[in-house]
Amino acid sequence: MDFLQVGKIVNTHALQGEVKVVSNSDFKEDRFKKGSQLVIDFNGEYVDVTVATHRVHKGADLLKFKHLNSINDVEKYKGCALLVSADDLEELDENEFYYFEIIGCQVVTTDGETIGEISEILETGANDVWVVKRPGQKDALIPYIEDVVKAVDIEAKQVTIQVLEGLL
C-alpha cells in the first residue's frame, strides 16, 4: 500500500493525549476531521489511528486520536510522520491538484526558459503561491492564478507560466 505524508507529530500537548502536528497537507480540514483514518510511521511500523478531535491552537494543528487518551500513550510518537493511504485520495476537479503533484515540478516560461523547481506551496487568503527554487538566485514566488499559470502537466512534472512584469 502506498502512503503520502500529511504531517509530522512534533510534540505532545497537555496530558490528555493530544499531539501537535506540523501539517504539509492540502485540504487539512478534510484530512484531520473527526473520524479520519491516518497512519503513524513509528520507525517503519505502521500504526493505524482514527482522529477523535482536531483544533487549531496558536497556528498549530492539535489532534487527538481514539484510544490514545494520555500523554504516555502518544509521547513515543514525537518526531513520527503522519500518513494517509493513497487509496483515500479523492478525485479533484479540473485545475485542482494535490501538493505532492505540484512540488517537484519544473517551471518553464511560455518562451521555453527554465525557471526552476517548485519546492513548497504557501497558502494565502486569495490563492496559493508556489515557491520556485532557482539556481544561484532568490526563490521566485509564483501565484497560482489564471493570468500566470498557463499549463500544468502532472505526468511530465512541468508547469508553464506567463511572466508578468515584476514577477521574477
Side-chain angles (χ1 to χ4, degrees), residues 1-107 116-134 138-145 148-149 152 154 157 159:
M1 182 180 295
D2 290 332
F3 293 101
L4 300 170
Q5 184 172 339
V6 294
K8 182 176 182 177
I9 299 172
V10 294
N11 212 341
T12 57
H13 183 80
L15 300 174
Q16 310 309 314
E18 273 187 314
V19 292
K20 181 178 180 181
V21 173
V22 173
S23 171
N24 62 348
S25 176
D26 31 25
F27 312 111
K28 69 181 180 180
E29 316 76 41
D30 294 332
R31 199 73 61 225
F32 298 149
K33 73 181 176 194
K34 183 178 180 176
S36 293
Q37 300 295 311
L38 299 173
V39 175
I40 299 172
D41 182 353
F42 183 57
N43 302 320
E45 177 186 330
Y46 295 129
V47 179
D48 293 323
V49 291
T50 302
V51 176
T53 64
H54 169 239
R55 65 189 178 103
V56 177
H57 177 69
K58 296 184 180 179
D61 291 291
L62 299 180
L63 300 177
K64 179 156 180 359
F65 303 116
K66 288 184 180 177
H67 310 297
L68 298 176
N69 298 317
S70 80
I71 191 171
N72 297 329
D73 294 336
V74 295
E75 181 82 31
K76 62 186 173 190
Y77 298 126
K78 282 195 325 192
C80 292
L82 203 53
L83 312 172
V84 65
S85 169
D87 296 338
D88 291 343
L89 297 179
E90 296 177 17
E91 189 138 334
L92 299 177
D93 292 336
E94 188 177 345
N95 297 321
E96 287 187 339
F97 308 97
Y98 286 106
Y99 286 4
F100 75 89
E101 294 176 312
I102 298 301
I103 293 173
C105 284
Q106 291 296 313
V107 177
E117 182 177 300
I118 298 173
S119 63
E120 180 180 2
I121 297 174
L122 306 174
E123 292 181 31
T124 66
N127 52 268
D128 287 347
V129 175
W130 296 349
V131 179
V132 179
K133 292 268 183 226
R134 300 188 295 173
K138 284 186 358 183
D139 292 349
L141 301 177
I142 307 298
Y144 180 54
I145 58 174
V148 174
V149 178
V152 177
I154 295 303
K157 296 294 279 179
V159 172

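Along the sequence shown, residues carry numbers from 1. No experiment lies behind these values; they were computed from the predicted model shown.
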Kindly compute the distance separating [atom1] ([X]) from [atom2] ([Y]), expressed to the nearest 0.5 Å.
X: Gln37; Y: Lys66; atom1: CD; atom2: NZ; value: 8.0 Å
X: Asp139; Y: Arg134; atom1: CG; atom2: CZ; value: 8.0 Å
X: His13; Y: Asp61; atom1: NE2; atom2: CG; value: 12.5 Å

With a 4.5 Å heavy-atom cut-off, do [X] and [Y] have their side chains touching?
X: Val56; Y: Phe32; value: no
X: Thr12; Y: Tyr77; value: no
X: Ile102; Y: Tyr144; value: no
X: Lys78; Y: Asn11; value: yes
X: Leu83; Y: Leu4; value: no
X: Cys105; Y: Trp130; value: no
X: Thr50; Y: Phe65; value: no
X: Tyr98; Y: Leu92; value: yes

> Within the side chain of Lys157, is there an N or O that forms a donor-acceptor pair under 3.5 Å with the backbone of Glu101?
Replying inline: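 Judged by distance alone, yes, a pair lies under 3.5 Å.
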> Is there a donor-acceptor pair closer than 3.5 Å between any side-chain N or O of Asn24 and the backbone N or O of Gly7?
Replying inline: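 It does hold such a pair.
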>> If the test is side-chain hydrogen bond (donor to acceptor under 3.5 Å, both in side chains), which one of Arg55, His54, His57 qualifies with Glu18?
In response: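 For Glu18, the side-chain hydrogen bond (donor to acceptor under 3.5 Å, both in side chains) test succeeds with only one of Arg55, His54, His57, which is Arg55.
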> Which residue, Val47, Val49, Leu63, forms the side chain to side chain contact (heavy atoms under 4.5 Å, CB included) with Leu68?
Replying inline: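 Per the side chain to side chain contact (heavy atoms under 4.5 Å, CB included) rule, the option paired with Leu68 is Val49, out of Val47, Val49, Leu63.
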